[in-house]
Structure formats: C-alpha cells, structure tokens
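When a residue number appears, it is its place in the shown sequence, counting from 1. Just so you know, ligand 1 is whichever comes first in the structure, and atom 1 is the first atom listed for that ligand. What you see is a predicted model; the values in this text were computed from it and never measured.
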Amino acid sequence: MDTVRVGIIMNGVTGRMGTNQHLVRSLTAIRAQGGVVLADGRRAMPDPILVGRNAGKVEALAKTHGVARWTTDIDAALANPDDAVYFDSASTGLRAQLIRQAIEAGKHIYTEKPVATTVEDALDLYRRAERAGVRHGVVQDKLWLPGLMKLRMLIDSGFFGRILAVRGEFGYWVFEGDWQEAQRPSWNYRKEDDGGIIVDMLCHWRYVLDNLFGGVRTVMCVGATHIPERWDERGARYAATAEDAAYATFELEGGVIAQINSSWCTRVRRDDLATFHVDGTHGSAVAGLTECYLQPRAATPKPVGNPDIPQTIDFFGTWQKMPNNRTYDNAFKAEWELFLRHVVDGGEFRWNLLEGAKGVQLAELGLRSWAERRVLDVPPLDGVGVIYSA
Ligand SMILES: NC(=O)c1ccc[n+]([C@@H]2O[C@H](COP(=O)([O-])OP(=O)(O)OC[C@H]3O[C@@H](n4cnc5c(N)ncnc54)[C@H](O)[C@@H]3O)[C@@H](O)[C@H]2O)c1
C-alpha cells in the first residue's frame, strides 16, 4: 500500500477558520497534491468527515469541496474507529469538553487555539492526551507565515547582533455591524461567549515570542473595550462585553523587551495587518505577514531632531526588502502536513497541547495583570509534576 488513509473528524468546519484555512487551504489542497510524503516514501492521505449542527450547511460545504462524508452527529463520528484524528475549530467555549470526549474515544487531537478557556482545563487536556497515549497538536500558524520565517532566517544568520526589543502591531478596524456588516463573528466581542482579544491573541503572541525571541518571563497588559455596542450577524444590537484592544508588554528570557498592541479598533497605516519591528545592535527588521524589510547598521541613517524643518529623510526608503529565496506554502497547511506526518510516523511534534496551554496561561495572566494593574511573572509550565497528578 503506497497510501495511508488518515480519517479526520472536522468539527466546526462551517466556521470562518474551519472552512477557509483548514478545509480549503489545508486538507483539500493536501488531497489535491496527492497527500503528504511519509518517512518511508508512502503518502498520508487525509480523509475528512465534516461535522456541524446545521445539516443543510454541512452538506452544502461537503458538496462544494468534493468531500464525501459529513454528519451532524458528533458522538457517532467519535465512535467510528476508522477515523483516527479529532480536529476542532468550533467556537472556543465548547472545545475542552469535546477534546476530552475525543481523547476518551482514543482519537489523536489537533485543535485551533485557544485550547481551553482556563489554564487548568488546558493542562488537563494535555495530561489526558499524554496518559491516553494519543498524539496531539495545536494550531500555531503564525510560525509558518513567510514574514515570520524570514525573521527566523535573520535571527539564525546573526543579522541582528544582540536583539534589544520587539514591537508588534496587530489589528485593523472591525466594523461595528450597523452601517457596514462586521467582518468577524459577534461572539468575539462577548465575554459570556468566550470572546475578547486577550484570550484570542495572547495565545499567538506566546508561541511567537517563545519560539523566535526568548521565553516569556513577565507580562503587563491593559485591555479596553473601546466600542461598547455592536450589531450581530442578524443585525441585532448587542452589548460588547469583551475587550476589543489589548496593550501588552513582555520581558523575555535573555532580556529582550516585547511590546505588542492588538486591536480591532485601529486603522492600518503600516505594511500589513500584523507587523513585528525588531531592533538589534547590528540591524533592525520589520516583518509583516508575508514580507520583511531590513536595515543593517551600516545603512542606518542619522536623523537629527529639528522641528523647524520638514523631515529630509525618506525613512521608508532606507529599508531593503528581503527576497523570496524559497516558496512559502499556506501557514496552516504547512503545520497540517507536519501533524499528519507525526500522526503516522510518530516522533516529536513540538507544537502540542502543552504549548497550547502556555498560550492560555499567558492570556489568563494578561487578564489578571489588567485587573490587578501590575506586572506578573509567567511561571514555567513544563508539565513536570502535573502530568500525572489528576
Ligand atoms: N489560528 C488563527 O489565526 C485563528 C484565527 C481566528 C480564529 N481562530 C480560532 O478558531 C476558532 C473558530 O473561530 P472562527 O473565527 O472560525 O469562528 P466562527 O464563529 O466563524 O466559527 C465557529 C464554528 O463553531 C460552530 N459552533 C458554534 N457553536 C457551536 C455549538 N454549540 N455546537 C457545535 N458547533 C458550534 C459554528 O457553527 C462554526 O462552524 C476559535 O477558537 C478561534 O479562537 C484562530
């Protein structure tokens, strides 16, 4: 047999991320390219079953993308021993319970972030998965974005010298929903539905900082609900009970200071929806989602502050765009390929439920830092000593 079938139960696939990134850009694309090459030369071929609450919607999605199997019965899907993987991209609040159920059914787990809404729950999932001996992974897509991979390349090449600081700007204007439809789901803006930009984005910033610049050691975060009421998918006005902006500062292992603003209430005047400006002794770089601009020390202009004359330096013109010396695949697909290989071949998969729990931990501490108005330490969460304590 040259092909190994991997049955994947896809829950929440009718949602924005489920459909666009996971079904269309990842699994459908992987199927179209003939699967993923395994260590012994065979290929792993994903065989998804789409799960959703609304039969009409799931069936239509399956038809549109040539997927043969769909259901509204999650219990029956989990009971099928032919499907080895449970994938979850449904809304966050239901996730932990469904993952527990899937682990009990012996499924390998792959899930969107945040893996749970509390760090206890997130660690519980990790412990259970380890005890059950199932494989597990968490979506940490930003690590495979071309812009961040270019930053990684700069770090590995020694371009920066000693890295001093990282400034991240993330966000764009999310319409309120009255005079223009909102472009994100309304649950994102309701605390009671596990919305809020701190839980949403600090999970991402945790793995970006940990993997690129140094382990996160402290957090200081201020949130804000700038827009107190919005209009939902049906046009009904609702109270926005969750924060829609977060202004955070992190101290990293090795002394790097990182500041990241995340906001659904900002208008973009920068290279991309997310940018990371990294300053080092030998050079600086600004990465967006796809491109990265750099300025080595020898090409650094020498501005002199003088408010009496208009600026003479074209600052944007003093940066150099990094070339695309390789092709970059969709970031979600890149991680799916690694996970599929991990499911069949085994070996290490670093981006697992423990790493996911670290993201939830940072979000939780970010919320606490805001409530208590102070800098908080981020204790190590290596899982040692807690793995078998439940
Ligand atoms: N990795 C990333 O960059 C990224 C970006 C955005 C969102 N996300 C995460 O992806 C997840 C989904 O976000 P989204 O923006 O696609 O949301 P969405 O609202 O578009 O999709 C949510 C899905 O969950 C389903 N769902 C909701 N309530 C349900 C219930 N009671 N039972 C069964 N299914 C239910 C919905 O039908 C829908 O299919 C969230 O956890 C979010 O944090 C990740």
So is there a nitrogen or oxygen of Pro114 less than 3.5 Å from a nitrogen or oxygen in ligand 1?
-> no
Looking only at protein heavy atoms, identify the closest one to atom 6 (C) of ligand 1 and say how far it is in Å.
-> Arg16 NH2, 3.3 Å
Under 6.0 Å between ring centres, would you say that holds for His282 and Phe159?
-> no
Heavy atom of Gln21 under 4.0 Å from ligand 1?
-> no
Below 4.5 Å, heavy atoms only, C-beta onward: do Leu143 and Tyr207 meet side chain to side chain?
-> yes
Would you kindly check if the NZ (Lys) or CZ (Arg) of Arg190 is within the cone defined by 45 degrees around the ring axis of Tyr238 and under 6.0 Å from the six-membered ring centre?
-> yes
Heavy-atom distances under 4.0 Å are what count here, so tell me which part of Thr14 touches ligand 1: side chain, backbone, both or neither.
-> both
When distances are taken from atom 14 (P) of ligand 1, the protein heavy atom at minimum range is Met17 CG, 3.9 Å
Taking the six-membered ring of Tyr328, is NZ or CZ of Arg326 closer than 6.0 Å to its centre and within 45° of its axis?
-> yes
Can a cation-pi geometry be assigned to Arg25 and Phe332, taking NZ or CZ under 6.0 Å from the six-membered ring centre and within 45° of the ring axis?
-> no
Nearest neighbour in protein (non-hydrogen) for atom 42 (C) of ligand 1 = Lys113 O, 3.7 Å
Select one of side chain, backbone, both or neither to describe which atoms of Arg53 lie under 4.0 Å from any atom of ligand 1, heavy atoms only.
-> side chain
How are the rings of His342 and Phe339 set relative to one another: parallel (under 30°), tilted (30 to 60°) or perpendicular (over 60°)?
-> tilted
Relative to the ring of Tyr110, is the ring of Trp336 parallel (under 30°), tilted (30 to 60°) or perpendicular (over 60°)?
-> perpendicular
Would you say Ser89 has any N or O atom under 3.5 Å from an N or O of ligand 1, going by distance alone?
-> no
Side chain, backbone, both or neither: which part of Leu94 comes within less than 4.0 Å of ligand 1 when only heavy atoms are counted?
-> side chain
When distances are taken from atom 19 (O) of ligand 1, the protein heavy atom at minimum range is Trp187 NE1, 2.8 Å
Can you tell which of Glu233, Glu112, His204 gets a heavy atom nearest to atom 10 (O) of ligand 1?
-> Glu112
So, Thr19 side chain and Gly15 main chain: donor-acceptor pair closer than 3.5 Å or not?
-> yes
Can an N or O of Arg184 be found at a distance shorter than 3.5 Å from an N or O of ligand 1?
-> no
Report yes if some N/O of Ser91 lies less than 3.5 Å from some N/O of ligand 1; otherwise report no.
-> yes
